[in-house]
Novice: 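Below you'll find the structure I mean.
The chains referred to below are lettered A, B, ... by the order of the sequence lines, with proteins before strands, and numbering in each begins at 1. These numbers come from the heavy atoms of this one structure, side chains and all, not from hydrogens, waters or symmetry mates.
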Protein chains: 2
Amino acid sequence: MEKYKFFDLPEFSTVKDILENERTNYVITLFGLCKILYAGRASSIATYSSRLITFKPDGSVLVHSNRKLKPVNWQPSSSEVKVEIGDELKIYVERKRPKEVLEILMPIVYYLSLSKVDEGEFHLFGSESEMVEEVVKNPELISRDFIPLEREYQTPFGKIDLLGVTSTGYLVLEFKRAQAGLEAVSQLKRYVDYLSWKGEKVRGGIVAPSISKSALKLLKKYELEYFQLSPKLLSTIRLK
Amino acid sequence: MEKYKFFDLPEFSTVKDILENERTNYVITLFGLCKILYAGRASSIATYSSRLITFKPDGSVLVHSNRKLKPVNWQPSSSEVKVEIGDELKIYVERKRPKEVLEILMPIVYYLSLSKVDEGEFHLFGSESEMVEEVVKNPELISRDFIPLEREYQTPFGKIDLLGVTSTGYLVLEFKRAQAGLEAVSQLKRYVDYLSWKGEKVRGGIVAPSISKSALKLLKKYELEYFQLSPKLLSTIRLK
DNA sequence: GCATAGATATCGCGA
DNA sequence: TCGCGATGTCTATGC
């Protein structure tokens with residue numbers, strides 16, 4: 001199988017044939033004029049304009065304009081693609097659950113390319129779960145008397161990142177890899193409320209590299225605590 | 001200016017020249033073998049693999065594998081691109097704040113394309129703010145005695161979607177365009193707590209098309225309310 | 001520039 | 001399948 005193929009100003013029939021028969025083998029890119037209708041969880045219209053459209057083997061579809069990271073329109077993986085030929089090329093991308101349809105109308109396709117794209121290996125460092133691991137290994141990062149009990153402790157109102165005990169009772173820890181905001185405090189409060197309702201003696205703390213001023217204010221109103229800790233990045237990758 | 005250009009197995013010098021001189025005019029797509037290092041808010045390594053790399057005029061960069069919607073690596077708009085030629089082609093994409101670097105190493109570029117992509121018009125229907133508008137116009141959707149006072153009412157602990165009054169006092173409404181979960185309840189509780197601390201008589205309600213079981217349970221624990229309402233989609237766009 | 005919250009969020013995980 | 005929460009979330013908006 002070739003690494004890639006390229007079609008200059010392809011006929012509609014060529015595009016239809018390729019989208020129907022090669023979609024699961026190649027990443028297919030169309031560049032052309034298109035109008036896009038979307039209906040599903042929301043609905044949208046994108047008027048005729050030159051855009052780049054990408055179809056992936058898993059059924060993902062992305063429609064990109066000339067700016068920003070996010071596509072103008074899209075369809076997540078496990079979508080089905082159907083093509084009809086009329087005055088325009090009509091491409092329907094349908095997703096079953098939730099039921100959503102993307103309708104791509106193209107009066108002209110400037111080019112089409114097929115690329116044999118692979119998955120490759122990928123490793124990320126500096127996630128929230130790595131911070132939790134760090135504290136489990138070194139509980140004294142929180143306090144001298146902190147003993148971790150359970151990660152991802154299930155409550156009826158969500159999972160506690162790390163539940164432990166100190167000399168004064170339970171300690172609920174909510175971790176954030178970036179600055180903690182109001183949302184983090186509300187989330188922690190929810191878990192602490194639950195244990196309190198159960199009659200437990202419980203404290204709660206946010207573990208994050210920083211916390212916003214209003215989040216800190218709210219934290220204090222709720223009588224919760226803040227522990228400063230940053231995620232560890234991979235030492236071999238460095239900013240110049 | 002041409003609508004697009006295509007280069008089969010371009011020399012490194014050609015890729016460098018184009019990335020340096022045409023990046024603000026065209027959306028540039030590279031298909032080739034690449035290894036990717038990222039360092040910034042987190043850090044990551046993506047091992048050598050065939051991927052599609054897109055550079056947009058605003059500085060956005062996307063690296064796509066063969067599956068899923070989200071790029072493997074990326075850099076948001078306002079990033080700078082630098083190219084160096086050695087044994088491999090080295091592309092550095094740097095973002096100032098937060099300081100982040102993407103390092104793309106390519107032993108081979110299979111093809112390069114330049115596409116004159118436009119922005120186009122875009123309209124979306126069915127957002128949360130449309131639901132708020134609907135309730136402001138028809139307050140009886142909430143209750144006979146509900147009078148809306150202010151949208152996006154600022155508190156020190158976040159914005160209230162819609163603040164109003166009923167015969168029993170203030171009513172804080174938190175809207176969700178999709179099913180409300182625990183997070184929505186915690187958010188609402190935060191606003192209600194604030195007004196309570198101020199000494200106001202206040203009720204709170206979630207306005208959403210549905211609510212999860214545990215969220216409903218938490219809502220009742222907190223003595224908050226639920227109002228069923230769905231976002232309106234554009235009637236001219238219909239699922240078949 | 002900072003913070004807050006929405007999003008067709010997407011995605012992975014666990015029950 | 002559903003629900004929940006992290007995400008290098010991104011993005012728009014208001015202060």
Novice: A/Leu62 CG to D/dC10 P: how many Å, rounded?
Specialist: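 So the two atoms are 16 Å apart, to the nearest Å.
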Novice: Can you list the residues that meet the side chain to side chain contact (heavy atoms under 4.5 Å, CB included) rule with A/Gln154, with sequence neighbours excluded?
Specialist: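 Result, side chain to side chain contact (heavy atoms under 4.5 Å, CB included) vs A/Gln154: A/Lys159.
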Novice: Please determine if a side-chain N or O atom of B/Gln187 lies less than 4.0 Å away from the OP1 or OP2 oxygen of C/dG6.
Specialist: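 For B/Gln187, the contact criterion (side-chain N or O under 4.0 Å from OP1 or OP2 of C/dG6) is met.
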Novice: With heavy-atom distances below 4.5 Å as the criterion, would you say the side chains of A/Val109 and A/Phe31 are in contact?
Specialist: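 Contact flag for A/Val109/A/Phe31 side chains = no.
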Novice: What is the distance, to the nearest angstrom, from the CD1 atom on A/Ile160 to the P atom on D/dA6?
Specialist: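 Roughly 12 Å, once rounded to whole Å.
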Novice: Under 3.5 Å, which donor-acceptor pairs link side chains of residues 68-75 of chain A to any protein atom two or more places apart or in another chain?
Specialist:
residue, atom, partner, partner atom, Å
A/Asn73, ND2, A/Ser44, OG, 3.1
A/Gln75, NE2, A/Val93, O, 3.0
A/Gln75, NE2, A/Glu100, O, 3.4

Novice: What is the separation between atom NZ on A/Lys96 and atom C1' on D/dT1, rounded to the nearest whole Å?
Specialist: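 Atom-to-atom, A/Lys96 to D/dT1, this comes out as 17 Å.
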Novice: Could you list by number each residue of residues 188-197 of chain B showing a heavy-atom separation from DNA chain C of less than 4.0 Å, or answer none if no residue does?
Specialist: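 Nucleic-acid contacts, sorted: B/Arg190, B/Tyr191.
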Novice: Of all the nucleotides listed (D/dA6, C/dT10, D/dT9), which has the minimum atom distance to the side chain of A/Arg177?
Specialist: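 Selected nucleotide: D/dT9.
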Novice: Give the intermediate values and the outcome of ring pair (Phe, Tyr, Trp, His ring centres under 6.0 Å) for residues A/Trp197 and B/Tyr222.
Specialist: CA-CA 11 Å; A/Trp197 291 332; B/Tyr222 282 147; 5.6 Å; yes
Novice: List for me each residue that meets side chain to side chain contact (heavy atoms under 4.5 Å, CB included) alongside A/Glu130, sequence neighbours excluded, and say none if there are none.
Specialist: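 Counting only residues at least two positions away or on another chain, A/Glu130 forms a side chain to side chain contact (heavy atoms under 4.5 Å, CB included) with A/Phe125, A/Ser127.
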Novice: Please give the distance between the P atoms of D/dT11 and C/dC11 as a whole number of Å.
Specialist: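 Those two atoms are separated by 15 Å.
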Novice: Using side chain to side chain donor-acceptor pair (under 3.5 Å) as the criterion, list what pairs up with A/Ser50, not counting sequence neighbours.
Specialist: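 Expected list: B/Lys3.
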Novice: Checking A/Arg95 against A/Ser79: is there a side-chain donor and acceptor pair closer than 3.5 Å?
Specialist: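 No, no side-chain donor-acceptor contact under 3.5 Å.
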Novice: So, OP1 or OP2 of D/dA6: does either fall under 4.0 Å of a side-chain N or O from A/Lys176?
Specialist: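 Yes, within the criterion.
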Novice: For a quick test of reading the model: is some side-chain N or O of A/Arg41 closer than 4.0 Å to OP1 or OP2 of C/dG6?
Specialist: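 No, outside the criterion.
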Novice: Would you kindly give the CG-to-P distance between B/Leu37 and D/dG8, to the nearest whole Å?
Specialist: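 One finds 16 Å between P of D/dG8 and CG of B/Leu37, rounded.
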Novice: Checking A/Arg67 now: which residues fulfil side chain to side chain donor-acceptor pair (under 3.5 Å) with it, not counting sequence neighbours?
Specialist: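 Only B/Glu119 meet the side chain to side chain donor-acceptor pair (under 3.5 Å) criterion with A/Arg67.
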Novice: What about B/Glu100, does its side chain sit under 3.5 Å from the base of D/dG8 through a donor-acceptor pair?
Specialist: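 Answer yes: a donor N or O sits under 3.5 Å from an acceptor.
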Novice: Please work out which residues in residues 179-186 of chain A have a non-hydrogen atom less than 4.0 Å from an atom of DNA chain C and list them by number.
Specialist: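 Per residue number, the list reads A/Gln179, A/Leu182.
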Novice: With sequence neighbours excluded, tell me which residues meet salt bridge (Lys or Arg N to Asp or Glu O under 4.0 Å) with A/Lys176.
Specialist: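 Per chain and number, A/Lys176 pairs via salt bridge (Lys or Arg N to Asp or Glu O under 4.0 Å) with A/Glu174.
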Novice: Provide, to the nearest angstrom, the distance between the NE2 atom belonging to A/His123 and the P atom belonging to D/dG8.
Specialist: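 Rounded to the whole Å, the gap is 15 Å.
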Novice: Could you check A/Lys213 against B/Ser127 and say which one's nearest nucleotide on DNA chain C is further toward the 5' end?
Specialist: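 By nearest-heavy-atom nucleotide position, the 5'-most residue is A/Lys213.
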Novice: Is the shortest side-chain N/O distance from A/Arg97 to OP1 or OP2 of D/dT1 below 4.0 Å?
Specialist: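 True: A/Arg97 side-chain N/O within range (under 4.0 Å) of D/dT1 OP1/OP2.
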Novice: For D/dT9 and B/Trp74 - does any side-chain N or O of the residue sit under 4.0 Å from the phosphate oxygens OP1/OP2?
Specialist: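 It does not, given that no N or O in the side chain of B/Trp74 lies less than 4.0 Å from OP1 or OP2 of D/dT9.
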Novice: Reckon A/Glu174 touches a base, only the sugar-phosphate, or nothing at all at heavy-atom distances under 4.0 Å?
Specialist: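 Contact class for A/Glu174: sugar-phosphate only.
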Novice: Among B/Ile36, B/Leu33, B/Leu89, find the one that has a side chain to side chain contact (heavy atoms under 4.5 Å, CB included) with B/Met106.
Specialist: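 Considering B/Ile36, B/Leu33, B/Leu89, a side chain to side chain contact (heavy atoms under 4.5 Å, CB included) with B/Met106 is found only for B/Leu89.
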Novice: Less than 4.0 angstrom from a charged side-chain N to a carboxylate O is my criterion; do A/Glu103 and A/Lys90 meet it?
Specialist: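 Salt bridge: no.
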Novice: Measure from NZ or CZ of B/Lys82 to the centre of the six-membered ring of B/Tyr92 and say whether it is under 6.0 Å with the direction within 45° of the ring axis.
Specialist: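 No, B/Lys82 and B/Tyr92 do not form such a contact.
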Novice: Rounded off to whole Å, could you give me the CD-to-P distance for the A/Glu128 and C/dG12 pair?
Specialist: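 That distance rounds to 17 Å.
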Novice: For B/Phe146, does the CZ atom sit with more than 12 other heavy atoms under 6.0 Å from it, leaving out its own atoms?
Specialist: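 Counting other residues, nucleotides and ligands, CZ of B/Phe146 exceeds 12 neighbours.
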Novice: Specify the separation, in whole Å, of atom CD of B/Gln75 and atom C1' of D/dT9.
Specialist: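 Atom CD in B/Gln75 sits about 14 Å away from atom C1' in D/dT9.
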Novice: Give me the distances for all protein-to-nucleotides 11-15 of chain D N/O pairs that come in under 3.5 Å?
Specialist:
residue, atom, partner, partner atom, Å
D/dT11, OP1, A/Leu69, N, 2.7
D/dT11, OP1, A/Lys70, N, 3.1
D/dA12, OP2, A/Lys68, NZ, 3.4

Novice: Who are the side chain to side chain donor-acceptor pair (under 3.5 Å) partners of B/Glu128, not counting sequence neighbours?
Specialist: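 For B/Glu128, no residue satisfies side chain to side chain donor-acceptor pair (under 3.5 Å) once neighbours in sequence are set aside.
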Novice: Going by number, which of residues 24-33 of chain B have a non-hydrogen atom under 4.0 Å from DNA chain D?
Specialist: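 Under 4.0 Å from DNA chain D: no residue of residues 24-33 of chain B.
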Novice: With DNA chain D as reference, determine whether B/Ile211 or A/Asp161 sits nearer its 5' end, using the nearest nucleotide of each.
Specialist: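 First, find each residue's nearest nucleotide; the 5'-ward one identifies B/Ile211.
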Novice: Please list, chain by chain and in numerical order, all residues satisfying side chain to side chain contact (heavy atoms under 4.5 Å, CB included) with B/Lys213, sequence neighbours excluded.
Specialist: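 Counting only residues at least two positions away or on another chain, B/Lys213 forms no side chain to side chain contact (heavy atoms under 4.5 Å, CB included).
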Novice: Output the rounded distance in Å from CG (B/Leu173) to P (C/dG6).
Specialist: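 For the pair B/Leu173 CG and C/dG6 P, the rounded distance is 13 Å.
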